[in-house]
Amino acid sequence: MFKRLADSGKSVALTVDGRPVDCRAGDTVAAALLAAGVDRCRTTPVSGAPRGPYCLMGVCFDCLVTIDGVGSRQACLVPVREGMAVETQSGRREAGR
Amino acid sequence: MTQASDLAAHYDLVVIGGGPAGLAAAAEAGRAGLSTVLFDENPGVGGQIYRAITSTPVADRAILGEDYRAGSDLVAEARTGGALIANGATVWSLDPARLVGVSIAGQARLIQAGRVIVATGSLERPFPIPGWTLPGVMSAGGAQTLLKAQGLVPDGRTVMAGGGPLLWLLAAQILRAGGRIEAILDTMPRRNWLRALPHLPDFLLSPYAAKGVKLLREVRARVPVIRVAELEAVGDDRLREVSFNGRRLPADLLLLHQGVVPNVNLAMAAGVAHEWNARQLCFQPVLDEDFNSSVPGIAVAGDGAGIAGGTAAAERGRIAAVAAIRALRPSAPVPDLQIIRQRLQREEMGRSFLDWLNRPADSFRQPEGDTIVCRCEEVTAGQVRAVADLGCEGPNQMKAFMRCGMGPCQGRLCGLTVTELIADQRGTTPAEVGYYRLRPPVKPITVAEFASLPIAEGERLAVEN
Amino acid sequence: MRAMSEEYDVAVVGGGLVGAATAWGLAREGCRVALLDEGDRAVRASRGNFALVWVQSKGIGLAPYSAWTVRSSNAWAGFADLLRDETGFDVCFQRPGGFHLCLSDKELETRANALKRLHNQPGAVDIKSEILDRTQLIKMLPDIGPDVVGASFSPLDGHVNSLRLFRTLHTAIAARGVRYLPSHRVEAIAQEGGTFRLATSQGEIRAGRVALAAGNANMRLAPMVGLEAPMRPERGQIVVTERLRPFLHHPTGTLRQTDEGTVMMGDSHEDSTDPSGLTLGVSAKIVERALRAFPLLAGANIVRTWSAIRVMTRDGFPIYDESESHPGAFVVCCHSGVTLAANHALTVAPMIARGALDKSLVAPFSARRFYVQATG
């Protein structure tokens with residue numbers, strides 16, 4: 001869906017649902033997902049419909065993912081960090097994680 | 001990076017939002033010696049218009065344009081002014097006594113402000129079409145953020161739809177960056193010209209006229225533009241096709257945009273009075289000429305005060321800051337307000353023309369049937385209309401009946417649509433219908449963060465007695 | 001306005017849960033009903049309730065209130081079924097038994113004494129409540145935190161989706177031909193001949209009977225028909241999380257997980273009648289106690305708070321009354337509009353339809369109890 005204009009910037013390694021994904025310093029988690037071709041980050045807690053990042057500015061809450069074990073984080077507001085474990089979400093979040 | 005524990009308990013001025021209005025306000029206030037903190041939720045300052053201005057990987061200046069680069073000067077000015085600039089800082093509460101609730105890296109603090117300038121800017125108007133919740137459908141603003149901040153260009157079959165300056169600017173930026181656009185589906189009714197025309201002379205005198213014409217030409221030369229009266233995103237688990245005028249176009253990415261509206265959540269939760277702007281079809285705060293709101297000590301500057309664009313936002317931020325400086329430190333030197341107001345007036349000149357020309361069609365603001373209105377709670381237009389028919393007169397009763405506006409986005413993506421649907425269904429006006437009542441936290445905070453807030457003895461007794 | 005010339009059998013004043021349940025019950029009895037309500041920004045307890053169908057602790061100081069509550073709790077499942085048959089909506093009534101969690105030995109002792117008093121009152125009904133220590137409790141609620149020392153439990157306690165109940169009742173009354181009239185604030189009521197004339201902001205409504213179900217506003221309205229409704233409104237705040245997977249299968253008095261997955265936390269009491277404000281520290285205390293009760297909630301996102309004005313009579317017990325000076329005028333007023341909804345729909349409404357309250361059931365709830373105390 002997206003390609004990088006300039007492949008500059010330091011490489012940062014994270015995992016998405018356990019798979020290694022290479023991204024760039026300066027990416028938000030949402031940008032890293034989209035650059036890696038992951039366009040679905042969760043299914044909704046209401047009907048289970050798939051959703052992906054929509055606004056990229058922190059207002060729509062459609063890009064919620066689990067980051068390092070903490071659920072329902074706004075992927076578009078969180079900068080990537082080396083070794084970060086990102087998980088896509090399925091329906092309602094589990095209490096306690 | 002600033003941590004929550006680094007913050008003082010009190011600041012003369014708290015500026016909320018690091019776009020042009022917030023940066024200019026923080027620059028003026030810092031220079032005048034007010035203890036000033038600017039909270040911005042994003043990883044870097046700039047707001048949406050100057051998104052990632054200090055870190056963008058887009059090296060070719062021609063791609064994003066010279067207007068974008070103007071943001072650098074504002075950032076430099078704010079940084080030298082002496083204000084503390086805290087990024088990754090989410091303000092989730094502001095009360096009428098100017099107590100500011102902020103979270104940084106999972107730590108919540110309450111900060112007392114002498115004055116507050118809310119510079120939370122705008123967000124894109126909801127664009128509720130069938131299928132707009134499918135992965136692969138994004139807001140144009142979202143795609144622009146990816147371009148500015150990460151240098152990501154749409155790849156594959158991209159369709160853009162809607163209208164308004166941002167859509168055309170983004171189209172040009174994508175093309176300059178080597179991207180491809182299959183089509184632009186223009187949803188703005190042709191008859192908009194009739195109402196825009198009387199404002200054309202003013203527009204021609206504004207800084208936007210020449211730029212706008214050039215931009216349209218640049219895009220139209222390379223992308224087919226099709227005027228559409230209906231639009232649907234079609235797909236199963238993601239977008240597959242865009243349907244319009246009885247045609248179907250295969251697509252990987254659909255970028256939607258039909259203008260921007262003030263981001264009112266924080267100001268409304270603080271108790272700031274708002275009114276319906278019938279020309280811009282949105283709620284905006286009631287403000288005086290210094291951008292002071294109905295709540296003493298709280299000003300709203302920038303596009304949050306009513307849409308006027310990035311350059312105007314900075315001037316508004318300066319005016320609001322001068323008012324704060326005069327209130328808190330009357331002896332401090334301040335810039336000449338007269339000159340700032342003149343600059344602001346010039347910036348605002350072409351706005352009427354743009355507003356009328358880019359007034360979204362009723363059908364794209366007041367959907368029907370199964371089209372989702374509230375993305376969080378998945379409430380449809382048909383459901384909202386049916387409950388309005390039951391006698392539900394306003395969005396707060398609608399919220400109780402349907403849960404629309406009760407999800408994490410707190411109505412940002414459905415509020416205007418719900419208000420307009422109720423007005424349409426009941427034959428009244430959005431001004432009469434009103435808006436959701438908003439309360440803190442205006443952005444979610446965790447149970448642990450909330451529980452860590454200070455609790456006075458009287459407050460404890462209200463729960464444990 | 002067509003409504004101005006129309007006459008109704010009953011005008012119900014107040015479009016919240018009490019009014020809507022009463023209106024539905026009246027419509028089931030064949031009455032032509034007008035339901036008069038205020039507008040979108042009205043002070044509405046029904047939008048801010050906690051959705052418990054709650055028995056334990058109700059009636060300390062007035063044993064018949066305990067019995068009245070148990071009656072409604074027992075009627076609730078049937079009430080929910082009737083509503084589902086009429087509207088297709090499931091209001092998610094469940095009665096798995098509920099807990100009152102105690103976070104200190106002192107709280108547990110206070111709780112035990114309160115239930116003892118309830119149980120020992122003359123005329124008390126058995127609510128099968130028991131006091132559980134931590135060891136017993138943790139078997140039923142495995143996620144409780146170390147600060148929870150024990151709880152009281154009653155198998156009669158339950159909960160419901162109260163916002164869906166609100167919508168369901170409005171859907172049901174519309175289907176039964178009840179005329180819902182929003183933005184019809186009642187300014188004055190007069191009785192002429194056998195007819196009540198209600199002056200509203202949008203003209204006059206005429207009806208043979210009038211039922212005042214306007215919550216705290218009954219204080220203003222009741223004297224218009226020769227009745228009294230002494231109230232002492234207070235503000236409560238509620239905090240709500242995002243939707244979570246089911247982890248809590250019983251309601252507690254201050255925290256419950258809804259059928260939609262959100263966790264509601266509540267129960268504060270402030271002397272305020274401003275529903276638009278929010279005292280952050282009070283909500284923080286609510287959340288702090290919730291976190292101590294269930295530490296696994298630490299990372300859950302709070303997405304909403306609200307405050308609402310509790311409908312509270314001066315002694316906290318319901319008022320059901322009929323006017324002697326204005327025959328055909330009734331007051332239906334209580335704090336627990338959810339718990340007692342089944343009674344209002346299935347017991348009180350038929351009394352109003354017949355034109356007289358059944359003293360054997362509701363005599364203890366006359367507002368005369370206030371005058372007796374005042375003069376005595």
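We name chains A, B, ... by the order of the sequence lines, and we start the count at 1 in each one. Just so it is clear, the model here is predicted, and its values are computed rather than measured.
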*Asks:* Heavy-atom distances under 4.5 Å only: say whether B/V442 touches chain C with side chain, backbone, both or neither.
*Replies:* neither
*Asks:* Can you measure from CG (C/L291) to CD (B/E449) and round to the nearest 0.5 angstrom?
*Replies:* 12.0 Å
*Asks:* In the structure I gave you, are the side-chain heavy atoms of B/P444 and C/I302 within less than 4.5 Å of one another anywhere?
*Replies:* no
*Asks:* Quick check for you: among C/R289, C/R41, C/E288, which has the greatest number of heavy-atom pairs under 4.5 Å with chain B?
*Replies:* C/R41
*Asks:* If you count every heavy atom of other residues, nucleotides or ligands that lies below 6.0 Å from C/E86 atom CD, does the total exceed 12?
*Replies:* yes
*Asks:* Which residue out of C/S183, C/P295, C/A174 racks up the most heavy-atom pairs below 4.5 Å with chain B?
*Replies:* C/S183
*Asks:* Heavy-atom pairs under 4.5 Å with chain C: which of B/L461, B/D95, B/I455 has the most?
*Replies:* B/I455
*Asks:* What heavy-atom pair brings B/G391 and C/P182 nearest, and what distance separates the two atoms?
*Replies:* O-CG, 3.3 Å
*Asks:* Report the distance from atom CZ of C/R167 to atom CE of B/M398, rounding to the nearest 0.5 Å.
*Replies:* 9.5 Å
*Asks:* Do B/L390 and C/T171 have side chains that approach each other closer than 4.5 Å (heavy atoms only, starting at C-beta)?
*Replies:* yes
*Asks:* Could you report the tightest heavy-atom contact between C/G39 and B/E393, atom names first, then the distance?
*Replies:* CA-OE1, 3.6 Å
*Asks:* For the side chain of B/R439 and the backbone of C/R304, is there at least one donor-acceptor N/O pair under 3.5 Å apart?
*Replies:* no
*Asks:* Where do C/R243 and B/E377 land on the salt bridge (charged side-chain N to carboxylate O under 4.0 Å, His left out) test, with the steps shown first?
*Replies:* CA-CA 10 Å; C/R243 293 174 186 246; B/E377 293 291 331; 2.2 Å; yes
*Asks:* By a 4.5 Å heavy-atom criterion (distance strictly below it), what part of C/T254 contacts chain B: side chain, backbone, both, or neither?
*Replies:* neither
*Asks:* What I'd like to find out is whether the side chain of C/L163 reaches to under 4.5 Å of the side chain of B/K399, using heavy atoms alone.
*Replies:* no
*Asks:* Can you tell which of C/L165, C/N301, C/T305 has the highest number of heavy-atom pairs within less than 4.5 Å of chain B?
*Replies:* C/T305
*Asks:* Would you mind checking which part of B/S93 comes under 4.5 Å of any heavy atom in chain C, side chain (CB onward), backbone (N, CA, C, O), both or neither?
*Replies:* side chain
*Asks:* Which atoms of C/Q237 are under 4.5 Å from chain B, going by heavy atoms: the side chain, the backbone, both sets, or neither?
*Replies:* neither
*Asks:* Tell me, side chain or backbone of B/P441 under 4.5 Å from chain C's heavy atoms, or both, or neither?
*Replies:* both
*Asks:* Go through the atoms of B/P395 and report whether side chain, backbone, both or neither lie under 4.5 Å from a heavy atom of chain C.
*Replies:* both
*Asks:* Taking 4.5 Å as the heavy-atom cut-off, does anything in residues 268-284 of chain C contact chain B, and if so which residues?
*Replies:* C/S268, C/H269, C/E270, C/P275, C/S276, C/G277, C/L278, C/T279, C/L280, C/G281, C/V282, C/S283, C/A284
*Asks:* Give a yes or no on whether the backbone of B/N396 and the side-chain of C/D40 come within a donor-acceptor separation of less than 3.5 Å.
*Replies:* yes
*Asks:* Look up atom NZ in C/K285 and atom CZ in B/R460, then write down how far apart they are to the nearest 0.5 Å.
*Replies:* 6.5 Å
*Asks:* Dump the intermediate steps for side-chain contact (heavy atoms from CB on, under 4.5 Å) on B/E459 and C/I286, then the final yes or no.
*Replies:* CA-CA 10 Å; B/E459 294 166 343; C/I286 289 171; over 6 Å; no
*Asks:* Measure distances from C/E234 to the heavy atoms of chain B and classify the residue's part below 4.5 Å as side chain, backbone, both or neither.
*Replies:* neither
*Asks:* Under 4.5 Å, counting heavy-atom pairs only, tell me which of C/G236, C/G15, C/S307 racks up the most with chain B.
*Replies:* C/S307
*Asks:* Determine yes or no for a side-chain-to-main-chain donor-acceptor pair under 3.5 angstrom, with B/T446 supplying the side chain and C/A300 the backbone.
*Replies:* no
*Asks:* Taking all heavy atoms of B/Q397 and all of C/Y180, pick out the closest pair and write down the distance.
*Replies:* NE2-OH, 4.0 Å
*Asks:* Please flag which part of B/L438 lies under 4.5 Å from any non-hydrogen atom of chain C: side chain, backbone, both or neither.
*Replies:* neither
*Asks:* May I ask you to decide if the ring planes of C/H170 and B/F401 are parallel, tilted or perpendicular, using 30° and 60° as cut-offs?
*Replies:* tilted
*Asks:* Nearest 0.5 angstrom please: C/E107 CD to B/E464 CD, how far?
*Replies:* 5.5 Å
*Asks:* Report the distance from atom CH2 of C/W306 to atom CE of B/M406, rounding to the nearest 0.5 Å.
*Replies:* 6.0 Å
*Asks:* Quick check on C/T110 against chain B: is it the side chain, the backbone, both or neither that has a heavy atom closer than 4.5 Å?
*Replies:* neither
